[in-house]
Amino acid sequence: MKTLIKNGALVTATESYVADLLIDGERIALMGLNLTAGDALVVDAAGKYVLPGGIDVHTHLDVPFGGTRVSDDFYTGHKAAAFNGTTCHVDFARQDKGESLHQTIERWHRMADGKAVIDYGFHLAITDLSDTVLDEIPSMGKEGVTSLKLFMAYKGFIQVDDTTLFKTMLKAADAGMLVMVHAENGDAIDVLVKDAIAKGRLTPEWHALTRPAWIEAEATMRAVALAAVAGATLYVVHVTNHLAVDQIAYGRRHGLNVMGETCVQYLYFTIDELRRPDGAKWVCSPPLRTGADQAALWEAVRQNTLQVISTDHSPFFFDGAKEIEYEGQKFKLPGKELGKDDFSKIPNGIPGIGDRMPILWTYGVGKGHLTLNRLVEVCCTNPAKIFGLYPRKGTLAVGSDADIVIWDPNLKKTMGVKTSRHRLDYNLYEGWEVVGYPEKVYVRGNLLVDGETWNGEPGGGQWLKRTAHGPVL
Ligand code: URP
Ligand code: ZN
Ligand code: ZN
């Protein structure tokens with residue numbers, strides 16, 4: 001099957017030009033002027049943009065957390081992603097206590113098998129590092145799981161100590177694998193949370209006030225310094241504030257192999273949201289910060305101190321007592337109401353996989369925060385490069401997978417539950433108007449989304465065996 005996309009504005013991280021693009025089977029076969037292909041289906045993209053599909057390298061699908069479970073699985077999360085221009089993601093496979101790393105990955109495969117619609121890879125989140133598990137790490141890299149994640153927060157649950165962090169870094173450095181950290185000082189947070197509860201400070205706002213910016217900055221610098229000693233390449237996930245950005249910049253100025261991401265929510269929301277009556281919707285860790293931090297994050301994205309914008313997609317119902325309908329089926333799951341009397345019991349996490357690309361198009365590029373090429377770079381190309389998927393994914397190039405979004409710059413939508421298509425009862429961007437939205441979305445040449453039509457087949461998505469991370473960007 002061939003598809004010839006005619007006269008679209010092809011956008012990569014470095015270029016934009018009007019040309020034709022030929023898809024042959026699952027790959028991009030040709031790009032150039034005045035292409036013809038007798039037997040190809042011709043798609044007129046004049047006046048439209050042709051982008052590589054978005055890659056979201058920070059997602060949590062189908063995982064238990066905070067006394068419940070996130071509400072999107074590998075089908076519903078993928079459908080939300082595809083409709084909104086994301087064609088690939090890397091999910092966190094989180095080790096259970098006592099489990100081998102191979103068992104963890106097998107468990108995640110079982111969660112995705114028969115459901116996945118877009119392509120996906122796994123990071124490995126280590127929570128229990130025995131000597132056997134330590135020795136298992138290099139084999140994971142060889143098998144295509146080339147990034148390891150460590151939580152420096154969530155004390156008593158998945159937090160690791162510095163011994164675990166440092167030993168993993170040494171092993172990862174040796175094996176050419178990337179180390180990712182959730183950088184918050186969980187011990188200090190635990191003290192602050194207990195103190196707040198003892199004083200009867202129980203509203204969602206206290207979630208943020210017990211996790212101040214320095215708590216994140218301290219852990220960020222600790223991870224940067226330990227990575228320096230271990231010779232490891234470090235990627236700091238969900239950076240939220242100017243102090244943490246400074247630590248990454250400091251490490252990079254010293255020539256260290258340090259990179260980082262922020263997430264869409266940190267660019268558009270502040271701690272003020274937590275003071276609303278429905279503030280629990282915005283509870284995530286690290287928490288939302290200030291307007292000044294938003295400006296610092298945008299600057300860090302422009303200056304390449306941060307190389308990626310991801311989502312940390314981890315959706316929890318706002319009111320888990322009420323059913324919603326998803327594809328004709330009733331669905332409900334306990335959610336944020338678990339913490340209605342105590343902020344520390346609110347499941348931490350925010351939805352976003354279906355919001356990232358349209359929001360960043362209108363409220364990022366459209367507002368002059370970043371260029372369209374930089375949008376492609378931080379949402380598609382850099383994620384692919386950093387996480388060992390490039391050039392198969394993340395760009396428009398001959399031989400690359402035909403993961404393509406035809407983006408109509410004039411298509412108007414109102415963001416919200418209906419548009420994001422998360423399996424969830426709320427959306428953070430409810431009512432936000434966007435101008436510019438995906439019209440057609442292809443994964444490996446298959447037209448998954450055609451306007452409002454969904455052609456996605458559960459099980460059609462492929463697991464990606466990733467290579468070692470590329471050079472530090
Ligand atoms: O609040 C968050 N971010 N929940 C998901 C788990 C994590 O820390 O990334
Ligand atoms: Zn995290
Ligand atoms: Zn996360």
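When a ligand or atom number is given, it counts from 1 through the structure's own listing order. Just so it is clear, the values below take in all heavy atoms, side chains as well, and ignore hydrogens, waters and symmetry mates.
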Q. Taking the six-membered ring for Trp, are H313 and H422 ring centroids under 6.0 Å apart?
A. yes

Q: Show the numbers, then the answer: is there a salt bridge (Lys or Arg N to Asp or Glu O under 4.0 Å) between R289 and E216?
A: CA-CA 11 Å; R289 306 289 186 190; E216 182 183 339; 2.9 Å; yes

Q | Ligand-residue contact atoms, ligand 1 with C284, heavy atoms, under 4.0 Å | A | 1 (O)

Q.
Can you name the atoms of ligand 1, numbered from 1 with element, that are less than 4.0 Å from a heavy atom of H60?
A. 5 (C), 6 (C), 7 (C), 9 (O)

**Q.** Contacting atoms of ligand 1, where contact means under 4.0 angstrom from a heavy atom of D312
**A.** 2 (C), 3 (N), 5 (C), 9 (O)

Q.
Give the atom numbers and elements of ligand 1 that come within less than 4.0 Å of a heavy atom of H238.
A. 8 (O), 9 (O)

Q: Check all N, O or S atoms of H182 and name the one closest to the Zn ion (ligand 2).
A: ND1

Q.
I need the nearest protein heavy-atom contact for atom 5 (C) of ligand 1: residue, atom name and distance, please.
A. S314 OG, 3.4 Å

Q: Could you tell me whether ligand 1 has any atom less than 4.0 Å away from a heavy atom of Y154?
A: yes

Q) Parallel, tilted or perpendicular for W463 and F122, by the 30°/60° rule? A) tilted

Q. Which N/O/S atom belongs to H238 and is the closest one to the Zn ion (ligand 2)?
A. NE2

Q: Kindly say whether R444 contributes a backbone atom to a donor-acceptor pair with the side chain of D401 at under 3.5 angstrom?
A: no

Q: To 10°, measure the NE2(H60)-the Zn ion (ligand 3)-NE2(H58) angle for me.
A: 110°

Q: Can you pull out the closest protein heavy atom to atom 1 (O) of ligand 1? Residue, atom name and distance to 0.1 Å, please.
A: S285 N, 2.7 Å

Q | Ligand-side contact atoms (ligand 1) for residue partner N348, heavy atom cut-off under 4.0 Å | A | 1 (O), 2 (C), 4 (N), 5 (C)

Q) Could you go step by step and tell me if I126 and L150 meet the side chain to side chain contact (heavy atoms under 4.5 Å, CB included) rule? A) CA-CA 6 Å; I126 294 177; L150 296 138; 4.1 Å; yes

Q. Which of the N/O/S atoms in D312 sits closest to the Zn ion (ligand 3)?
A. OD1

Q. Taking the six-membered ring for Trp, are W298 and H369 parallel (under 30°), tilted (30 to 60°) or perpendicular (over 60°)?
A. parallel

Q. Once the angle between the rings of Y154 and F157 is folded into 0 to 90°, is it parallel (under 30°), tilted (30 to 60°) or perpendicular (over 60°)?
A. perpendicular

Q) Does a salt bridge link E337 with K340, judged by any charged N lying under 4.0 Å from a carboxylate O? A) no

